[in-house]
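Scroll down for the structure; my scribbles are underneath it.
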Amino acid sequence: MDKAKDTRGIKIKHWKIIAFYLLIYDVVAVNASYFLGLLLRFDLRYSNIPEEYLYAFLKFAPIYTLFTVAVFYVFRLYNSLWRFASFSELNRILAATGITTLFHVAGITLTMSRMPVSYYVVGAVAQFCLVTAIRFSYRFVILEKARRDKNIRSVHNAMVIGAGAAGLVILKELKVSNDANSRPLCVIDDNPNKWGRVMDGIPIVGGRDKILESVKKYNIDQILFAIPSATAEQKRDILNICKEADCELLTLPGIYQMTNGEVSLSKMKPVAVEDLLGREPIKVNMEEIFRHLKGKTILVTGGGGSIGSELCRQIAGHEPGQLIIFDIYENNAYEIEQELKRKYPKLNLVVLIGSVRDSRRINWVFEHYKPDIVYHAAAHKHVPLMETSPNEAIKNNVIGTYKTAYAALRNGTKRFVLISTDKAVNPTNIMGASKRLCEMVIQSMDAISKEGRIDLLPFLHAHMDKVIDGQLASDPMDHMAVDGMENEENFIRIESTSNKDRNGTQFVAVRFGNVLGSNGSVIPLFKKQIEAGGPITVTHPDIIRYFMTIPEAVSLVLQAGTYAWGGEIFVLDMGEPVKIDTLARNLIRLSGYKPDEDIRIEYVGLRPGEKLYEEKLMAEEGIKKTDNDLIHIGKPIPFDTKVFLKQLEELAKASYENSENIVEMVEKIVPTFHPAEKNHTTDNKVTA
């Protein structure tokens with residue numbers, strides 16, 4: 001062990017050996033430079049050099065050599081990593097050369113003899129060139145070797161779109177990074193002033209109209225979109241051209257990466273379908289949301305789902321006093337719990353397992369934690385599955401919403417935000433109709449809260465719980481495993497104390513369209529079908545849907561919470577709808593395949609309860625604006641609250657008795673519900 005240490009102690013480091021060789025080279029180079037000045041002055045004939053000039057040069061050379069080596073040492077020209085030499089090293093060489101030149105001119109002139117002007121000029125220039133050349137030649141050799149090795153290893157011919165700062169960074173990294181497996185061959189930019197020029201040695205061949213032509217000319221199979229400042233429309237238009245080229249598409253997510261200095265190959269990601277939607281991201285007043293959420297106790301039901309979990313992420317970043325996640329699926333709840341604990345170690349987080357259909361559980365949660373704000377995301381949402389299990393849609397969506405909203409009202413919750421859907425507008429399926437019923441529940445609760453007439457609810461709620469909790473079941477033991485028992489006496493007692501504790505709850509609903517990437521949405525389904533080699537199943541070539549991203553949907557929900565006065569239905573302006581067929585074809589192209597050739601698209605017909613297009617508002621509702629131009633408020637359709645609550649009681653009873661007439665009952669309660677024909681056969685294929 002000691003011997004090994006001694007060996008390492010006497011071993012000279014490699015860089016010091018290199019530095020010694022550089023010093024020897026500099027000694028020769030600086031003297032050769034000025035001697036060259038003398039030779040050039042006298043026609044490269046040594047015999048023509050006057051004796052006084054030669055004597056002055058030789059006499060001054062040792063002094064100049066020592067001074068130059070000292071200056072070079074001070075400027076760290078012997079301990080730099082020359083394989084990474086850049087402008088910093090070049091500037092230091094230039095400064096050192098300037099200082100030594102001034103010393104040489106003054107020193108030899110004052111102490112020896114005035115030399116010819118060409119001696120000074122040629123000597124200084126030659127010294128700079130020789131000193132620079134030896135140092136940067138190492139970098140050049142290393143880069144050239146790496147470039148040749150990369151060209152041999154490269155598996156992609158790349159086109160870079162964008163001749164700006166981000167494009168330059170990507171080009172440089174493509175050339176030098178050992179991790180890059182692409183070689184850049186051309187650049188595209190819409191600025192005509194850049195056409196015909198080169199950027200880092202790569203030609204700028206033209207604007208977007210040259211994309212397809214250049215793909216063929218240079219045999220491109222990978223396109224890198226490097227314009228982080230592009231608007232959504234610009235990005236969509238360019239990427240729509242690129243996807244016709246059947247190349248792999250990668251893009252930088254956004255302009256923030258330029259401001260943060262995060263532009264690199266590692267930050268590039270495959271182009272997502274949302275990049276082709278051509279709509280600017282939803283912008284919300286984050287400061288307003290922050291003020292609304294900070295320090296509050298917030299409950300998210302269905303907090304482990306795709307929308308619920310994103311709600312939890314964004315709420316956690318706004319310093320809530322306490323965040324409560326309530327979900328029936330323990331795996332989902334566990335995943336979001338672990339994620340938030342890692343990201344926000346100081347977050348006051350509570351994760352609870354339970355069902356919104358369980359009266360005893362949901363009441364305990366509200367009584368124990370007293371949440372200020374509730375985001376109700378727990379629901380069944382899969383249209384075809386609910387068509388075959390309509391009673392479950394009513395139990396979970398409608399009765400679950402009623403129980404959660406009632407618990408909020410009874411325990412003084414300030415705001416209750418329901419996550420709704422555009423399928424609630426003129427619904428043709430039981431899932432959409434159930435969400436419309438949820439909206440009606442919210443509107444009823446808000447009306448009762450405003451009037452302070454919670455006395456309208458006790459009998460209904462007590463009787464409903466008798467039905468829901470199984471007290472009307474033939475076997476009193478059956479209900480014990482369903483939702484938990486509550487007796488009417490306890491409910492009456494709780495009701496009698498509720499009025500004095502209630503401060504009034506504002507109930508609102510937020511309605512939006514399909515969410516890209518959420519559980520059960522078309523994108524994950526299409527991706528699985530592509531991975532399996534196809535076909536992609538689309539219900540109808542003309543079916544259209546509105547789309548938004550999960551973060552956008554959640555931003556809208558949070559913003560709605562700040563605008564709420566009670567009873568509103570908030571609606572997002574989601575821009576133009578998108579054809580599902582177009583979405584499928586784009587996803588096939590983005591995956592590197594050709595539609596109808598590599599991956600077949602199969603049209604399987606509309607599913608039960610499905611319509612060709614979704615509406616955001618019912619005609620009767622109308623809209624009014626909010627401070628956010630992309631968020632509107634639908635005017636609630638009036639209905640008789642007492643009649644509705646009585647109908648709801650009957651619907652709850654029927655659903656827990658698994659009635660076969662549940663759809664007909666919903667038709668009577670929701671006038672805009674027009675279910676699919678009764679003889680419409682169910683297609684067992686999983687489709688979009």
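- The number of heavy-atom neighbours closer than 6.0 Å to OH of Tyr334, taken from other residues, nucleotides and ligands shown, is 12 or below.
- Looking at heavy atoms from C-beta onward, Asp598 lies out of side-chain contact with Ile588 at the 4.5 angstrom threshold.
- Smallest separation of non-hydrogen atoms from Ser182 and Gln222: OG-OE1, 2.5 Å.
- Residue Tyr120 comes nearest to Tyr34 through the heavy atom pair O-CE2, 4.1 Å, listed as atom of the first residue, atom of the second, then distance.
- A distance of 8.5 Å separates CD1 of Ile204 from CG of Asn191, quoted to the nearest 0.5 Å.
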Under the side-chain contact (heavy atoms from CB on, under 4.5 Å) rule, what do Tyr218 and Asn157 come out as? Steps first, then yes or no, please.
CA-CA 8 Å; Tyr218 293 95; Asn157 293 334; over 6 Å; no
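- Judged purely by atom type and a 3.5 angstrom limit, Ser309 uses its side chain to pair as donor or acceptor with the backbone of Ser306.
- Note that the CZ atom of Arg92 and the CZ atom of Phe75 stand 9.5 Å from one another [nearest 0.5 Å].
- Under 4.0 Å is where a charged nitrogen must lie from a carboxylate oxygen, and between Lys341 and Glu337 at least one such pair does.
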Show your working on side-chain contact (heavy atoms from CB on, under 4.5 Å) between Ile134 and Leu22 and close with a plain yes or no.
CA-CA 8 Å; Ile134 189 63; Leu22 273 177; 4.1 Å; yes
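- Between Thr421 and Lys381 there is no side-chain heavy-atom pair separated by less than 4.5 Å.
- In this structure the side chain of Val187 never reaches within 4.5 angstrom of the side chain of Met159, judged on heavy atoms.
- Salt bridge Asp422/Arg511: absent, no basic N to carboxylate O contact under 4.0 Å.
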side-chain contact (heavy atoms from CB on, under 4.5 Å) between Ile188 and Ile223, intermediate numbers included:
CA-CA 10 Å; Ile188 294 290; Ile223 298 177; over 6 Å; no
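- Separation of atoms CG (Asp200) and CD1 (Ile170) is listed at 12.0 Å; rounding is to 0.5 Å.
- Of the inter-residue distances, the one linking Ile241 atom CD1 with Lys210 atom NZ reads 13.0 Å to the nearest 0.5 angstrom.
- Not a single donor-acceptor pair under 3.5 Å links the side chain of Tyr344 to the backbone N or O of Glu339.
- At a threshold of 4.5 Å between non-hydrogen side-chain atoms, the residues Ile161 and Ile211 count as touching.
- Ile336 approaches Gly303 most closely through the heavy-atom pair CG2-O, 4.0 Å.
- For the residue pair Gly308 and Val300, the shortest heavy atom distance occurs at O-CG1, 3.9 Å.
- With rounding to the nearest 0.5 angstrom, the CD1 atom of Ile599 is 12.5 Å from the CZ atom of Phe526.
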Going through the checks in order, is the side-chain contact (heavy atoms from CB on, under 4.5 Å) test met by Glu310 and Ser555?
CA-CA 9 Å; Glu310 180 63 22; Ser555 296; over 6 Å; no
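- Comment: Asp596 does not engage Arg600 in a salt bridge, judged by the lack of any side-chain N to carboxylate O separation of less than 4.0 angstrom.
- Summarising the local packing, OH of Tyr21 is surrounded by 12 or fewer heavy atoms from other residues, nucleotides or ligands at distances under 6.0 Å.
- Of the possible polar contacts, none joining the His156 side chain to the Ala158 backbone as a donor-acceptor pair under 3.5 Å is found.
- Residue Cys312 comes nearest to Leu340 through the heavy atom pair CB-CD1, 4.0 Å, listed as atom of the first residue, atom of the second, then distance.
- The backbone N or O of Val27 sits less than 3.5 Å from a side-chain atom of Asn31, completing a donor-acceptor pair.
- If you check the side chains of Thr537 and Glu602, you find no donor sitting under 3.5 Å from an acceptor.
- Residues Leu249 and Phe225 form no side-chain contact, since every pair of their non-hydrogen atoms from C-beta on lies 4.5 Å or further apart.
- In the model, Thr101 has no side-chain atom that pairs as donor or acceptor with a side-chain atom of Gln127 under 3.5 Å.
- Looking only at side-chain heavy atoms (C-beta outward), Val215 and Cys247 come within less than 4.5 Å of each other.
- Of the possible polar contacts, none joining the Thr132 side chain to the Cys129 backbone as a donor-acceptor pair under 3.5 Å is found.
- Taking every heavy atom of both residues into account, Ala163 and Asp189 meet most closely at N-OD2, 2.7 Å.
- By the 4.5 Å heavy-atom criterion applied to side chains, Pro535 and Gln529 are not counted as neighbours.
- In this structure, the side chains of Leu185 and Ile202 stay at 4.5 Å or more apart for every pair of heavy atoms.
- Note that the CZ atom of Phe72 and the CG atom of Asp26 stand 5.5 Å from one another [nearest 0.5 Å].
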